[in-house]
Asker: 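I am attaching a structure below and will ask some questions about it afterwards.
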Amino acid sequence: MQVLKLIFKNAFRHRLRTFLTIAGISIAILAFGLLRTVVDAWYAGVEASAANRLVSRNAISLIFPLPLSYKEKIRQVDGVTVVSYGNWFGGIYIDEKNFFPNFAVEPKSYLELYPEYVFQPDQLAALLRDRKGFAAGRKLADKYKWKPGDTVILKGTIFPGEWEFVLRGIYKGRTKSVDETQFFFHWDYLNETLKKTIAARADQVGFYMIGVKNPNIASNVTAAIDKTFKNSLAETLTETEKAFQMSFISMSEAIVIAIQLVSFVVIIIIMAVMANTMAMSARERIGEYAVFKTLGFGGMYIAVLVFGESLFISATGCVIGTILTFPAAKAFGNEMSQFFPIFNVSVNTIYLDVAAAFVIGITAAIIPTYRAVSIRIADGLRRIG
Amino acid sequence: MNGKRPIVELRNICKSYQRGNQNIPVLNDITFDIIEGEFLALMGPSGSGKSTLLNLIAGIDKADSGVINVAGIDIAALSEMELAGWRAANVGFIFQFYNLIPVLTAFENVELPLLLSGLSKKEKKSHVETALRIVNLSDRLEHYPGELSGGQQQRVAIARAIVTDPAIIVADEPTGDLDRVSAEEILGLMDRLVHELGKTIIMVTHDPRAAGKAHFIKHLDKGVLNAGPQADF
Ligand SMILES: Nc1ncnc2c1ncn2[C@@H]1O[C@H](COP(=O)(O)OP(=O)(O)O)[C@@H](O)[C@H]1O
Ligand SMILES: [Mg+2]
């Protein structure tokens with residue numbers, strides 16, 4: 001008979017109590033994991049950004065454009081390898097509730113800059129050839145059951161009118177963290193149409209996307225670009241892609257902080273529940289622990305029994321909760337794919353699950369162990385009968 | 001092996017409890033010897049300090065003053081940890097409510113004290129089986145305490161008390177929770193431990209019939225010891 005066996009048997013002395021506690025921990029770990037995943041999803045754009053990519057926009061605000069003529073001047077800045085550009089299109093597909101990001105880009109340079117969008121070669125060629133062609137991420141195409149060759153009409157909001165596109169390429173993400181819900185098409189198509197309709201808005205770019213030779217020189221290049229356009233009619237604000245993505249999130253940072261807070265509150269609540277379970281068990285067994293001590297067992301042995309039982313229960317809850325997190329995140333991610341295109345349970349979240357369960361198990365055992373170890377044997381024995 | 005040497009020597013033992021700021025004297029200047037191989041019954045009214053005295057002799061509580069020598073060792077001088085080791089090697093315990101671990105089988109309960117010994121698995125097994133054979137429970141090895149009668153549980157407890165082969169066995173009201181037949185059985189067993197295995201037994205009881213089985217009876221009253229009439233054996 002070993003200690004482990006005793007720990008295991010002790011844990012299941014009150015089956016219902018143990019079962020409920022494990023269920024509670026499982027649910028807490030599940031909730032914690034989902035909330036952490038929401039936080040991760042929030043930062044997915046930041047995570048996916050590359051250190052060698054910069055974004056340049058109008059210094060006043062993102063809604064003001066920059067002239068197309070800046071392209072050549074940016075290209076001449078030392079350290080710049082690729083310059084691409086685009087406009088947020090903001091078109092609506094049939095109904096407003098069908099939200100997905102859509103923009104106009106110069107596809108050749110754009111895809112050079114974003115190699116994580118992977119196309120089949122024939123589809124890529126077809127996309128580049130057709131000026132009315134567009135590319136869609138795999139998830140987006142799946143959602144609306146679009147096949148290559150299908151015509152899709154977006155209702156313009158920023159750029160009025162009904163815009164007709166033909167699906168030419170469906171891309172897959174090179175890694176799991178690549179957004180597969182995007183829609184992009186030829187900037188030239190947008191620009192040429194504008195020339196015919198609202199000529200004043202033609203040859204204007206929403207933002208430049210710039211590749212640099214290596215991340216170390218990014219800040220030099222950033223400064224050099226902004227200096228180039230200093231005191232011009234449209235000054236630029238250039239920043240790393242990461243900082244650019246971050247600027248969107250910082251608007252909603254309070255929500256993220258609230259979610260993080262809630263995730264920890266969940267853990268603290270279950271910690272209290274677990275501590276109560278362990279305190280009840282230890283109180284009932286105080287006489288038994290006195291018997292162990294009478295027989296010559298030390299405080300260490302009793303500590304191992306209590307901590308072992310507590311950790312066993314919290315670990316079981318952790319395993320169940322973590323396993324449940326995956327299907328739950330998948331279901332949640334599918335449901336919320338408009339808001340969270342990337343919704344993956346990260347390895348980090350699993351580490352946090354394990355750490356949380358460990359802390360729960362340890363904290364719950366501290367006071368009961370202290371009581372069991374410090375009670376005088378004679379007093380402990382008196383509690384029996 | 002009934003020698004005539006005292007195995008327990010108590011000298012001027014005093015013990016009181018603190019309740020709030022009140023000092024409650026329980027044992028008052030107790031002095032006596034227990035001879036090796038003796039079966040001693042400690043009697044006295046409830047609350048007279050019998051359990052307290054037994055706990056002091058068994059090394060699970062400490063006296064306020066006085067000397068307790070057990071088998072040549074001054075146990076008052078031992079640290080908590082040394083005392084734990086000393087108990088494991090020298091004292092067997094029998095309680096009124098058996099105090100078996102309910103989630104362990106009879107075998108495992110008896111094996112418990114051996115976990116602290118350096119014995120091999122095989123040696124442990126043979127010790128446990130021997131102890132359970134002595135108490136006549138060889139056919140109940142895999143039973144849990146809940147599946148045994150009170151008398152049987154107390155026999156398992158006796159097996160647990162003797163499995164480490166201690167010189168001294170202390171028993172606090174061992175028959176207090178048993179019917180007459182079971183009590184007889186337990187007392188018969190304890191008698192055999194003294195006569196056949198040469199153990200020294202100190203038994204607290206307030207049952208005169210149980211005390212009658214002992215060689216000597218001592219009465220505790222209000223913290224003072226009176227030598228009782230010698231029992232016939
Ligand atoms: N831990 C304790 N704290 C305070 N008083 C105690 C404690 N243990 C025992 N007593 C008191 O000491 C006296 C003797 O107790 P005990 O030795 O258990 O008596 P007995 O076993 O003869 O019935 C009783 O009055 C009891 O209430
Ligand atoms: Mg008593």
Side-chain angles (χ1 to χ4, degrees), chain A residues 1-19 277-278 280-306 308-310 312-313 369-385, chain B residues 15 17 26 51-56 58-62 79-105 107-117 121 124-125 128 144-146 157 160-161 163-164 166 170 172-173 176-177:
Chain A
M1 190 219 46
Q2 302 98 352
V3 189
L4 282 180
K5 197 166 153 193
L6 193 52
I7 288 172
F8 186 77
K9 285 181 165 186
N10 271 340
F12 287 104
R13 266 161 98 156
H14 287 275
R15 270 160 219 268
L16 182 64
R17 185 200 290 168
T18 302
F19 171 79
T277 299
M278 286 313 295
M280 274 161 84
S281 302
R283 199 177 312 125
E284 290 161 4
R285 292 179 209 152
I286 209 83
E288 269 168 50
Y289 296 138
V291 171
F292 275 104
K293 288 204 270 188
T294 304
L295 296 179
F297 289 90
M300 194 61 198
Y301 189 86
I302 289 161
V304 168
L305 287 184
V306 182
E309 182 177 345
S310 188
F312 170 75
I313 290 174
T369 302
Y370 174 77
R371 285 215 189 110
V373 169
S374 61
I375 191 170
R376 288 174 56 251
I377 297 177
D379 292 340
L381 290 175
R382 246 170 231 283
R383 302 270 187 97
I384 300 173
Chain B
K15 172 81 181 172
Y17 289 109
V26 177
S51 296
T52 303
L53 182 57
L54 197 68
N55 289 346
L56 294 180
I60 59 180
D61 208 348
K62 293 221 169 190
S79 71
E80 280 293 325
M81 235 157 84
E82 290 167 329
L83 210 48
W86 176 83
R87 280 196 305 272
N90 296 288
V91 187
F93 291 86
I94 304 169
F95 306 94
Q96 178 177 358
F97 299 105
Y98 334 126
N99 290 8
L100 299 174
I101 307 300
V103 289
L104 300 181
T105 62
F107 184 96
E108 291 165 340
N109 265 290
V110 175
E111 192 189 21
L112 211 50
L114 295 179
L115 296 185
L116 295 166
S117 71
K121 201 173 168 169
K124 278 189 239 168
K125 187 166 187 278
V128 173
Y144 287 92
R160 181 177 68 184
V163 74
T164 54
V170 297
D172 196 342
E173 316 245 15
D177 205 43

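Computation of the quantities below employed the complete heavy-atom set of this structure, encompassing side-chain atoms and omitting hydrogens, waters and symmetry-equivalent molecules. A note on names: the letters A, B, ... follow the listed sequences, proteins ahead of strands, and every chain is numbered from 1. Every value quoted in this text rests on a predicted model; they were computed, and no experiment measured them.
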Asker: Does any non-hydrogen side-chain atom of B/Leu116 lie less than 4.5 Å from one of A/Tyr301?
Answerer: no
Asker: Test B/Ile101 against A/Phe292 for side chain to side chain contact (heavy atoms under 4.5 Å, CB included), laying out the working first.
Answerer: CA-CA 9 Å; B/Ile101 307 300; A/Phe292 275 104; 3.8 Å; yes
Asker: Over all heavy atoms of both residues, which pair between A/Thr294 and B/Arg87 is shortest? Give the atoms and the distance, please.
Answerer: O-NE, 3.0 Å
Asker: Out of curiosity, A/Asp379 CG to B/Asp61 CG, how far, rounded to the nearest 0.5 Å?
Answerer: 7.5 Å
Asker: So which atom in A/Leu295 and which in B/Ala88 form the shortest heavy-atom distance, rounded to 0.1 Å?
Answerer: O-CB, 3.5 Å
Asker: What's the separation between atom CD1 in A/Ile377 and atom CG in B/Leu83, rounded to the nearest 0.5 Å?
Answerer: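 If we round to the nearest 0.5 Å, A/Ile377:CD1 and B/Leu83:CG are 7.5 Å apart.
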Asker: Out of B/Ala58, B/Ser51, B/Pro102, which one racks up the most heavy-atom pairs below 4.5 Å with chain A?
Answerer: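 Answer, by heavy-atom pair count under 4.5 Å with chain A: B/Pro102.
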Asker: Looking only at non-hydrogen atoms, find the nearest pair between A/Phe297 and B/Leu112 and report the distance.
Answerer: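 What the structure gives for the nearest pair is CZ-O, 3.3 Å.
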Asker: Do B/Ile60 and A/Leu381 make a side-chain contact, defined as non-hydrogen atoms from C-beta onward lying under 4.5 Å apart?
Answerer: yes
Asker: For B/Thr164, which atoms come within 4.5 Å of any heavy atom of chain A: side chain, backbone, both, or neither?
Answerer: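 Neither part.
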Asker: Side chains of A/Val291 and B/Arg160, heavy atoms from C-beta outward: is any pair under 4.5 Å?
Answerer: yes
Asker: Taking all heavy atoms of A/Arg13 and all of B/Val103, pick out the closest pair and write down the distance.
Answerer: CG-CG1, 3.3 Å
Asker: Of the backbone (N, CA, C, O) and the side chain (C-beta and beyond), which part of B/Phe95 lies under 4.5 Å from a heavy atom of chain A, both, or neither?
Answerer: side chain
